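What follows is one structure encoded as structure tokens, with my remarks underneath.
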Amino acid sequence: MPDKRVRTRFAPSPTGFLHIGGVRTALYAQLLAKKHGGDFLLRVEDTDQARLVPGAVENLCRTLQQLNITPDEGVWLDENGVVMEHGEYGPYTQSKRQANHQKYAQELIAMDKAYPCFCTAERLEELRQTQEITKRPTGYDGHCRNLDKQEVQARLAKGEKHVIRLKLPQEGKVTVHDVIRGEVNFDWKLIDDQVIIKSDGMATYHLASMADDHDMGITHVIRGEEWLSSTPKHIFIYQAMGWELPVMAHLPLILNPDKSKLSKRQGDVAAEDYLQKGYLPQALINFLALLGWNPSGEREIYSHDELAELFNLEKINKAGAVFNLEKLNWLNNHYLRLLPDAEYLALINPHLPSEEQDHEFKQRIAFLFRERLTLPAEISAWSEFFFAEKLDYSAVKLNWKDHSTDEAVERLKTAKTWIEQLSEDQQFDVNTIETTIKNNLQAQGWSNGDTLWPLRVALSGAEKSPSPFELIATYGQKRSLARIDEALAFLLK
RNA sequence: GGCCCGUUCGUCUAGGGGCUAGGACGUCACCCUCUCACGGUGAAAACAGGGGUUCAAUUCCCCUACGGGCUACCA
């Protein structure tokens, strides 16, 4: 028998931003499908009408799109950025499948695997409170579980408000087979008769998601660990309906530095925030893939395609993983340096003063700081002195160590003549500048530090900066000489 | 509270009955060097604790501790 075509899905609810943990879940689902040449779909789970956030679907898709987590099927954006759907298993928006869910619920009732429940919210609330006060486990008491059939019919006919609950076994055990965790056992008697259709007629996650997964031919369910304990209910639905169970994989959580569940309080959890700050999709993907999964442990850099080749469910870790910003930063620097020049420039340009019209100058500055950057925005602080009309030398030391001001003046004046001798258009590059200056230094019998330090500080106005050679090459001859004159003027004042 | 899951350097992890427990980020030192960054070399740094099983346990089993998830007409 040939293996079934692998079909995975990411099924977020459009309640706001895309959580970084969601990105990883989506990534893994995409990776698995890619690896097996299958399909990865995006389904929107919007059955909770009260929690819908306008624009959330667009936002979700846009963020996934930027991260290159593109579904083969399902909800997506057209070329104008408008939400649409494509694929043969639609609709992919869960609320549009309500009729289907209803049909399944009725079948479950007919099989005595589910029942209408007329309990009011108030009664349920009271019930919970009594249970809490008497320190008993909270949960539904089965009040409507065995209502008389006639009575049910009559109340239904009257149009009485109700929900539909699963009629779960009250004894025995269920075993969940999870690829990551192995066999996990639960006692039926500890599990509540779950609501599967709400009084507004919408299905809850438990029915909707299982029904849609089945109808869409999903073979591998990859979701967060928070779903593990409700899996018995899902198995119950699958079995009652006679559906074939998908492979289950419950992913470990992503954690805050204090090991609690990753939360807004302790940093950014929205994927779009990272993108906005200038984290590159490649870095984010590489980083997130390795948070909870690792093919070897000896290698850190993987492209999206390489990940898809190597990915497997079996190597996913069981324990939660702390979101380690430092490593992400390192990765981002790494990918920033790997970027094609044009892309790099496009990223940096917005952070350089738009008033500056010398684009080649700006370009040289962008490349100068390339290996120092974690995020593109950092360049504005790094490069500020390049664009300053005048530098403020009052806060820095222009003379080298215990050398006098007079010596600094002498060195600067001499260095100026060397720079003047350089030709602006011929070989005005770092290497030429460096050899020229160093040769002159040697001929003069001067050590490097006592000249290079004043020169560098004169050019940058800072005690920490790139080398004077790099600064001169970046400024160009005219600007370099002007800076040195500024410093000289300051010293001779 | 109940049920369930988890625990290897600070962090992400590799490994797995016998290893000097490996890599990466971060940290520190040294080299390069006019400073910063890059780069290079090196160092410190871990099997939560207690019982078993075994010739041998970090690895298998049990317990404890700690962390986490679930316990909605939310997903």
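Letters A, B, ... mirror the listed sequences (proteins, then strands); counts begin at 1. No experiment lies behind these values; they were computed from the predicted model shown.
At the phosphate of B:A75, OP1 or OP2 sits under 4.0 Å from a side-chain N or O atom of A:K198. Between A:W453 and B:C34, a side-chain N or O to OP1/OP2 separation shorter than 4.0 Å is absent. In terms of phosphate contacts, A:S260 brings no side-chain nitrogen or oxygen within less than 4.0 Å of OP1 or OP2 of B:G67. In this structure, A:N448 reaches the B:C34 phosphate: one of its side-chain N or O atoms is under 4.0 Å from OP1 or OP2. In this model, the phosphate group of B:G15 is approached by a side-chain N or O of A:K315 to a distance below 4.0 Å at OP1 or OP2.
In this pair, A:W227 and A:H206 present their aromatic rings perpendicular. The plane angle is above 60°, beyond the 30 to 60° band.
Contacts of A:F186 with the nucleic acid, taken as non-hydrogen atoms under 4.0 Å apart, involve only primed sugar atoms and P, OP1 or OP2. Within the nucleic acid shown, A:F118 has no heavy atom closer than 4.0 Å to any nucleic acid atom. No contact: A:K135 has no heavy atom under 4.0 Å from any strand.
The side chain of A:L190 lies closest to B:C3, out of B:C3, B:C34, B:A24. Here B:A37 is the nucleotide among B:A37, B:A75, B:C70 with the atom lying nearest to any side-chain atom of A:R372. Picking from B:A75, B:C5, B:G26 the nucleotide with the shortest atom distance to the side chain of A:E326 gives B:G26. Residue A:E45 has its side chain nearest to B:A75 when only B:A75, B:C70, B:C4 are considered.
Between the CD1 atom of A:I316 and the C1' atom of B:C12 there is a distance of 15 Å, rounded to whole Å. A straight line from NE2 of A:H206 to C1' of B:U71 spans 11 Å, rounded to a whole angstrom. Between A:I196 atom CD1 and B:A72 atom C1' the separation is 15 Å, expressed in whole Å. The interatomic distance linking A:E298 (CD) with B:C12 (P) rounds to 17 Å, in whole Å. At whole-Å resolution of the value, CZ in A:R370 and P in B:C38 are 16 Å apart. Put simply, CD1 on A:I254 is 16 Å from C1' on B:G6, counting in whole angstrom units. Going from atom CZ of A:F469 over to atom P of B:C36 covers 15 Å, rounded to whole Å.
Separation of atoms CG (A:L251) and CG (A:L228) is listed at 11.0 Å; rounding is to 0.5 Å.
For the residue pair A:T436/A:N439, the side-chain donor-acceptor check at 3.5 Å is not satisfied.
With hydrogens and angles ignored, a donor-acceptor pair under 3.5 angstrom links the side chain of A:S199 to the base of B:C73.
A distance of about 24 Å separates the P atoms of B:C12 and B:G17, rounded to the whole Å.
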